[in-house]
Amino acid sequence: MLQQVNGRSPGFGARGGESLSEDLREFLVGEAPLHQLDDLTKVNPVTLETVLRCLQARYMADTFYTNAGCTLVALNPFKPVPELYTPELMREYHTAPQPQKLKPHIFTVGEQTYRNVKSLSEPINQSIIVSGESGAGKTWTSRCLMKFYAAVAASPTSWESHKVAERIEQRILNSNPVMEAFGNACTLRNNNSSRFGKFIQLQLNRAQQMTGAAVHTYLLEKTRVACQASSERNFHIFYQICKGASKDERLHWHLPEGAAFSWLPNPDRTLEEDCFEVTREAMLHLGIDTPTQNNIFKVRRKPTSPPSGRGDRRLLA
Ligand SMILES: Nc1ncnc2c1ncn2[C@@H]1O[C@H](COP(=O)(O)OP(=O)(O)O)[C@@H](O)[C@H]1O
Ligand SMILES: [Mg+2]
C-alpha cells in the first residue's frame, strides 16, 4: 500500500481532500512514498488520476523513468540530466546480472533486447517502439538507445576490426545530426521537432557486434519548405547554412551577407540545433565529401524572377 506524498507535489494540497475520489484517497494513504513506486502495475486502483499522481511524484523527485509492466514510461525532464546517460551507467546496466532489478531506465530496455538477441541459439529480431506526442522525448530516447548499442555492441578483439567497428558505430551515430538537420524544425511544441517518421534498423552479426544500420524514413513534411505556421521555422539546415557559412562559402553558394529569405522565418532565434559544423562533420563521416556538400548547400536561383508580391523568395536547394 502507498502513503500520502505530503508536499511532494504542488498539485496535491490545492485540490483539497473533498474533491478526491474514495479510491484515490485510499491510494494516497498507503505505506510507501508515491515516488518510490517504480512500476505502474503496482498502482492500485489503476485510474488515470492515480497513475498521473504517481508519475507526477516521481517527476518531482527527479525520477524520469517508470516501468509499466514490460513497457517503460519516460518523462521528459526538460533539463539536462547528464548523470543519467554516462558511459559508466551504460556499463552498469550492461553488466548487471539482472538489469530489470536496477532502477527503471532506457538502458534496461536496451540491455534486455540485446540479451534477447544474444541468448537465443537462433537469434530473433527485437523491436523497440518509441511512441509519444510531439516533444515527449522520442528522438532523444532513440538517440540514447543508439548510443547504448554503439557502446555495448562493440568489443571486437583485433585492432583492425576494432577500427572498423569504431567507424561503423560512429557512422551510425552520425546519421542522427544529419537526419535532424534536414528533417527537423522548430515548432511551437518542440524546438527540435522531427518532421518525418523513421524506422531504424541496427544490424548485429552472430557475435552480437554492430555491423551496420539502415534507416527508413517516411512522411517527411515537405510542405514546410515553402510554408511554415507563424512562430515556427523551416528545417534546421537552412538556418545552419545561413549562420555557419564562411565568407568564401557565401560567395560560392550565392548567399550574400545579410540576405533575408522570406521562407526562413524567425532566423534570429538561437537554437543549439543551428550548429552547421556538427552537420558537416557528420556528413563527412557518412562519406558525403566536401564537393558533394557544396552542391547540396548551394543556393539555386530559379531562372525566372520570383513570383511578384512575395519578395525575394529564394530557396536553398
Ligand atoms: N531524457 C531527456 N533528458 C534531457 N532532455 C530531454 C530528454 N528527453 C527530451 N528532452 C528534451 O526535450 C526536447 C524534445 O524531445 P524530442 O526527443 O525531440 O521529442 P519528440 O521526438 O518526442 O518530439 C529535446 O530536444 C530535449 O531538449
Ligand atoms: Mg522527434
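Just follow the structure's listing: the first ligand is 1, and inside any ligand the first atom is 1. Any value given below was found using the heavy atoms of this structure, including those in side chains, with hydrogens, waters and symmetry copies removed.
- Ring centroid separation for the pair His216 and Phe196 does not come in under the 6.0 Å cut-off.
- No more than 12 heavy atoms of other residues, nucleotides or ligands shown are found within 6.0 angstrom of CG on Asp248.
- The aromatic ring centres of Phe238 and Phe182 sit 6.0 Å or more apart.
- At a heavy-atom cutoff of 4.0 Å, ligand 1 is surrounded by Asn76, Pro77, Lys79, Tyr85, Glu133, Ser134, Gly135, Ala136, Gly137, Lys138, Thr139, Trp140, Asn190, Asn192.
- Annotation for Lys103: atom NZ does not count as buried by contact number, only 12 or fewer foreign heavy atoms lying within 6.0 Å.
- If you put the vertex on the Mg ion (ligand 2), OG1 of Thr139 and OG of Ser194 sit 90° apart, to the nearest 10°.
- In summary, the side chains of Thr279 and Gln240 do present a donor paired with an acceptor at a separation below 3.5 Å, with no hydrogens or angles considered.
- Taking the six-membered ring where tryptophan is involved, the planes of Tyr149 and Tyr114 are tilted, since the angle between them lies from 30° to 60°.
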